[in-house]
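Convention: sequence-line order gives letters A, B, ...; per-chain numbering from 1.
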There are 2 protein chains.
Amino acid sequence: MPSEKTLPRHTQIADRLRADIQSGVYGLGARLPIEAELATLFDTSRPTLRQALATLSAEGLIVRRPRTGSVVVATHVPVVLSHAVTSVNELLDYPRDTHRKVTATRYVKADDALAQQLHCAAGKEWFQITTLRYAGKSTVPLCWTDTYVLPQYAGVTKHRRHTLMPVCEQIVEMFDEVIEQADIEIFVMRIPKRMAAALKAPADSPAMGVMRTYTGSDGEVFQTTVSVHPEERYRYRFELKREARAAGRKR
Amino acid sequence: MPSEKTLPRHTQIADRLRADIQSGVYGLGARLPIEAELATLFDTSRPTLRQALATLSAEGLIVRRPRTGSVVVATHVPVVLSHAVTSVNELLDYPRDTHRKVTATRYVKADDALAQQLHCAAGKEWFQITTLRYAGKSTVPLCWTDTYVLPQYAGVTKHRRHTLMPVCEQIVEMFDEVIEQADIEIFVMRIPKRMAAALKAPADSPAMGVMRTYTGSDGEVFQTTVSVHPEERYRYRFELKREARAAGRKR
DNA sequence: ACTGCGCATTTGTATTGACAATTAAGGCGG
DNA sequence: CCGCCTTAATTGTCAATACAAATGCGCAGT
């Protein structure tokens with residue numbers, strides 16, 4: 001145990017308490033002794049002990065509240081695989097130099113078919129923006145995209161970088177909206193007749209459908225996007241990385 | 001400003017420094033004054049000031065190192081959308097009551113075609129497990145799955161819950177492997193002839209292909225899984241939630 | 001000119017002491 | 001018997017100080 005002796009006290013204490021929690025000395029829902037007691041127990045000062053408790057708290061193992069004490073709320077540090085993006089662009093990683101071309105815009109009222117497709121109430125009003133996405137100078141589009149935004153956000157088409165940025169980020173920027181949640185759904189479909197010519201792909205040929213739903217701070221869906229990617233033109237790819245809670249250890 | 005006066009000093013100081021960083025008083029890469037100086041500046045003690053700096057550090061705005069001081073490494077608290085799973089089962093959210101049926105196992109050496117498909121070196125040895133996944137008592141399979149694991153993990157087929165748990169988690173459990181990273185790739189394909197009968201789907205009809213690659217702690221891929229879902233039998237779905245770094249504010 | 005070592009600077013860790021804020025629990029009065 | 005209010009237990013906050021550890025920089029020697 002050569003490294004043990006050089007570890008800071010508060011780390012040693014945290015490690016010990018964590019082990020005790022995992023081994024069941026302090027079970028789920030149990031209350032740890034009060035700070036003063038623990039400090040005496042470990043023969044240390046209260047601030048040092050508090051630092052140890054703060055570590056466990058950051059790891060999500062305990063919850064600390066005045067008068068109640070420190071309660072064990074988890075017995076193991078959750079290790080999760082996570083996929084985090086800082087920009088919606090990373091969600092659909094298109095090559096750098098793609099751009100959209102707006103082919104039509106209009107106001108629509110969701111009929112039964114559209115309502116079912118978008119998972120919204122029938123009769124809901126949307127502003128629809130239809131676009132084609134191209135890679136570089138290619139004349140074969142990557143995909144057909146129908147974007148449905150709330151009518152009050154129709155002005156988004158006037159954004160100065162409208163054909164380059166994701167629409168939802170334009171809305172965030174122009175209207176102070178916040179993306180609270182994004183839902184992604186991927187499925188296999190057939191190219192609809194109305195898109196075949198524009199996509200330069202045979203009607204009824206296989207395609208990858210991607211539907212993205214964006215929910216704002218008020219819990220309401222403010223945008224839904226449906227993309228149709230003809231066979232072979234696109235692969236959806238992402239990675240999840242291992243991540244313990246409360247990042248922490250040095251280096 | 002009724003709440004301001006009751007905020008703890010260290011919070012006030014952290015807020016002030018955060019604002020200064022965002023407004024450019026301390027730009028990206030700039031060094032904050034040393035702790036002693038800042039303590040004097042804010043007319044407080046070093047421990048209190050250190051608590052404020054610890055907050056900013058946890059938020060990822062600054063990095064603190066002995067002798068170097070506190071360096072600004074970000075001007076804004078990154079807000080990310082993230083998708084976190086605690087079990088690989090959540091990755092492909094099949095209905096609760098699905099199970100696999102192993103149809104064949106064998107050792108294979110990757111030829112050029114397989115190497116290209118799996119993104120591995122030609123000649124690589126794998127143990128291949130071929131399975132069909134069924135929902136409940138249905139006799140129509142949800143998908144055909146070829147799982148390729150390192151030869152030393154071939155014993156995974158003897159796991160007591162082999163047909164219920166994800167293979168990679170069985171490997172984690174039986175061989176003390178760790179999933180460091182998972183890569184997911186989704187694409188549209190055609191049903192290969194050899195799978196058509198078993199899948200009860202026409203050869204060459206559209207399908208959704210899902211390839212998952214698991215990387216272990218040594219950076220080596222220890223498992224690759226290729227699933228083929230016939231049209232209409234499966235949708236890939238997941239959600240990303242907004243998450244500010246350093247969770248924290250109370251309640 | 002380059003390399004290695006010492007040193008001074010800066011953050012990290014730990015102790016002691018005191019008071020404030022929060023809140024669960026018990027007591028008191030209607 | 002119920003509800004409000006007091007009370008006390010527990011964590012939260014803050015200060016002053018001391019020493020340890022890490023490391024960039026300059027100086028000296030080759």
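Take the nearest nucleotide of DNA chain D for B:Arg31 and for B:Pro47: the residue whose nucleotide is more 5' is B:Pro47.
The distance between atom CD of B:Glu35 and atom C1' of D:dA15, rounded to the nearest whole Å, is 15 Å. Here the P atom of nucleotide D:dA21 and the NE2 atom of A:His10 are 13 Å apart, to the nearest Å. Between the C1' atom of D:dT11 and the CG atom of A:Leu38 lies a distance of 12 Å, rounded to the nearest Å. Spacing between atom CD of B:Gln51 and atom P of C:dT13 amounts to 15 Å, rounded to whole angstrom units. Rounded to whole angstrom, the span from the CG atom of B:Leu7 across to the C1' atom of C:dA20 amounts to 15 Å. For the pair A:Arg65 CZ and D:dT10 C1', the interatomic distance rounds to 12 Å; values are reported in whole Å. The distance from atom CG of A:Leu53 to atom C1' of D:dT11 is 10 Å, rounded to the nearest whole Å. Whole-Å rounding puts the B:Ile34 CD1 to D:dG24 C1' distance at 15 Å.
Of the candidate nucleotides C:dG12, D:dG24, C:dT15, C:dT15 has the atom nearest to the side chain of A:Arg9.
For D:dA8, the OP1/OP2 oxygens have no side-chain nitrogen or oxygen of A:Arg67 closer than 4.0 Å. The side chain of B:Thr44 contributes an N or O atom lying less than 4.0 Å from OP1 or OP2 of D:dA15. Note on A:Thr48: a side-chain N or O is less than 4.0 Å away from OP1 or OP2 of C:dT15. Residue B:Ser45 has no polar side-chain atom (N or O) positioned under 4.0 Å from OP1 or OP2 of D:dC14.
For the pair A:Gly60 and A:Ala74, the tightest heavy-atom approach, listed with the atom from each and the gap, is O-CB, 3.7 Å.
With hydrogens and angles ignored, a donor-acceptor pair under 3.5 angstrom links the side chain of B:Arg46 to the base of C:dG12.
B:Arg50 comes within 4.0 angstrom of a nucleotide base, judged by non-hydrogen atoms across all strands.
Figure legend: cation-pi geometry between B:Arg9 and B:Phe42 absent, as NZ or CZ is not positioned both under 6.0 Å from the six-membered ring centre and within 45° of its axis. Taking the centre and axis of the six-membered ring of A:Tyr94, the NZ or CZ atom of A:Arg133 falls inside the cone set by 45° and 6.0 Å.
Between B:Met211 and B:Thr225 there is no side-chain heavy-atom pair separated by less than 4.5 Å.
Remark: of the listed residues B:Trp126, B:Phe175, B:Tyr214, B:Tyr148, B:Phe175 is the sole one forming a ring-ring contact (aromatic ring centres under 6.0 Å, His included) with B:Tyr153.
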